[in-house]
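For reference, the structure discussed in these notes is given below.
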Amino acid sequence: MEYPKFPKDCKSLLCKYLTEDVFNKLKERVTPNGYTLEMAINSGVKNPDSSIGIYAGDKESYEVFDLLFDPIIEEYHGFKKNDTHKSDFSSDKLDFDLLDKDGEFILSTRIRVGRNLLGYPLGTIISKKERDEVEERVKNALLKLGGSLKGEYYPLKGMSKEVQQKLIKDHFLFKEGDRFLEAAGLNREWPDGRGIFHNDEKTFLVWVNEEDELRIISMQKGGNIKEVFERLANAVEALESKMEFLKSEHLGYITSCPTNLGTAMRASVHIKLPKLSTNKALFKEITDRNHLQIRGTHGEHSKSEEGIFDISNARRLGISEVEAVSDLYNGVKELIEVETKL
Ligand code: ADP
Ligand code: DAR
């Protein structure tokens, strides 16, 4: 492989940190699962408008390609090579008031974590056989859940387009055909091995074999962030007793994209801020200062529709689950305070 030619206006962390020197030091390295530098950077090479541009193929990728992953992880998370990650999912530590009691601003709350199974490569190089095994193991574990987590598994293969589109439109199911995931090898043999589990109320859902092997999701209407967190904490504890996930002292839960390492948690609200959202500089100042990210109404790479924004924590690694959800709570509290004063 030759050193890639990035466009001059490339802004991804890949462009920034894949110097010719780093490239030459890493280009012959291969992980135990056969993952190469060329595979890792393909998404960012094919999509120079990426924000990050690199994916891992397995837990070992983060060590084998450390000269490239370490500076990217440090810049995105503020997390250094010798830092350790600590998990803390204790919902009793959350001293949260109910934000937006009158339901004037927050439409819904969603908190998700990514997980990948110990003993399997990540979705970027997993084989069809392994991916089908992951689907079977995860489905069997999910179907054993009881109480409020009890639900059904719906494979994507064979799902009618109408059902699929409605689930996507209602924000329950992952979108299809993301070009960044495509170039990372995450869409291979689509839709085989992919699917969604959810309880009757669709407040507890699990995506299987999208960007990570599991995306465990708790969501509901309104702004009761603590209740959504508690349901997720209970669900993750129940699943941790049935499956072992890829993790490390240093990086916490291992995910295919380095932005999701650590807690792998994205806690978000769908919120309408009609006044503040017209003052883009102030809106961004508040979200940046509170370590929050602004996405569109249908999540990543989408635009805001009808003034609805997806606001979520940006930091995921080097902070606990309690701290990640507190980033969201504190930031949204301030956004609403400012909105009501404008
Ligand atoms: P993630 O990687 O966290 O799953 P995406 O940006 O791909 O995030 O969003 C996945 C889906 O979740 C999208 O349909 C998005 O609209 C939906 N979503 C995200 N946050 C919320 C929320 N607070 N309420 C309802 N739906 C949400
Ligand atoms: N599209 C890739 C990933 C950025 C983070 N989002 C994830 N992992 N879904 C990029 O480099 O822009």
Side-chain angles (χ1 to χ4, degrees), residues 10-18 40-56 72-73 75-77 99-100 105-115 122-124 164-184 186-187 196 198 202-203 205-207 210-212 214-225 228-229 232 255-261 263-272 292-306 308-314 316-317 324-325 328 332:
C10 176
K11 295 188 178 53
S12 70
L13 295 183
L14 176 67
C15 292
K16 182 172 179 180
Y17 292 107
L18 186 66
I41 66 174
N42 191 56
S43 185
V45 169
K46 295 278 186 337
N47 301 285
D49 58 335
S50 293
S51 55
I52 312 297
I54 186 170
Y55 290 84
I72 287 174
I73 287 167
E75 172 151 348
Y76 185 85
H77 296 281
L99 293 178
D100 185 26
F105 306 105
I106 302 175
L107 290 87
S108 52
T109 301
R110 172 184 185 269
I111 309 178
R112 66 82 167 152
V113 291
R115 292 289 185 270
L122 299 172
T124 37
Q164 182 186 2
Q165 287 311 319
K166 176 96 173 59
L167 284 168
I168 293 171
K169 179 173 167 295
D170 293 346
H171 309 290
F172 296 124
L173 182 59
F174 42 79
K175 302 184 279 287
E176 269 194 338
D178 180 291
R179 60 189 161 95
F180 303 95
L181 302 185
E182 178 71 30
L186 284 159
N187 293 347
I196 181 170
H198 63 73
K202 297 197 185 78
T203 53
L205 309 93
V206 179
W207 293 355
E210 189 235 8
E211 181 177 331
D212 289 301
L214 292 88
R215 286 287 174 87
I216 307 165
I217 301 161
S218 170
M219 64 194 288
Q220 65 191 48
K221 299 283 180 219
N224 193 332
I225 297 174
V228 176
F229 186 92
L232 182 65
T255 54
S256 58
C257 178
T259 62
N260 283 313
L261 287 165
T263 61
M265 177 177 278
R266 189 169 91 84
S268 64
V269 292
H270 270 181
I271 189 167
K272 283 192 169 186
L292 297 182
Q293 184 186 42
I294 303 171
R295 293 187 181 187
T297 311
H298 283 276
E300 191 170 37
H301 306 133
S302 75
K303 297 254 179 291
S304 168
E305 294 167 9
E306 297 164 37
I308 300 170
F309 291 90
D310 165 337
I311 304 290
S312 62
N313 61 297
R316 310 204 206 296
L317 170 64
V325 74
L328 175 73
V332 170

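Every number for a ligand or one of its atoms is a count from 1 in the order of the listing.
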Close residues, ligand 1: non-hydrogen atom nearer than 4.0 Å: S108, T109, R110, R112, H171, K175, W207, R215, M219, R266, S268, V269, H270, R295, T297, H298, G299, E300, D310

Side-chain contact, heavy-atom cut-off 4.5 Å: Y55 with N42? no

Heavy-atom side-chain contact between R179 and H301 under 4.5 Å: no

Test: R266 cationic atom under 6.0 Å from W207 six-membered ring centre, within 45° of axis: no

For A183 versus N47, what's the shortest heavy-atom pair and its separation? CB-ND2, 3.7 Å

If we check side chain to side chain contact (heavy atoms under 4.5 Å, CB included) with P258, which of these qualifies: N260, L261, T255? L261

By salt bridge (charged side-chain N to carboxylate O under 4.0 Å, His left out), D100 pairs with (sequence neighbours left out) none

Close side-chain approach of T297 and E306, heavy atoms under 4.5 Å: no

Between D310 and the options S268, S304, S302, the side chain to side chain contact (heavy atoms under 4.5 Å, CB included) test singles out S268

Under 3.5 Å donor-acceptor pairs involving side-chain atoms of residues 165-174, not counting sequence neighbours:
{"residue": "K166", "atom": "NZ", "partner": "D170", "partner atom": "OD2", "Å": "2.3"}

So if I only count non-hydrogen atoms and take anything under 4.0 Å from ligand 2, which residues does that give, chain by chain? S50, S51, I52, G53, Y55, F180, E211, C257, T259, N260, E300, H301

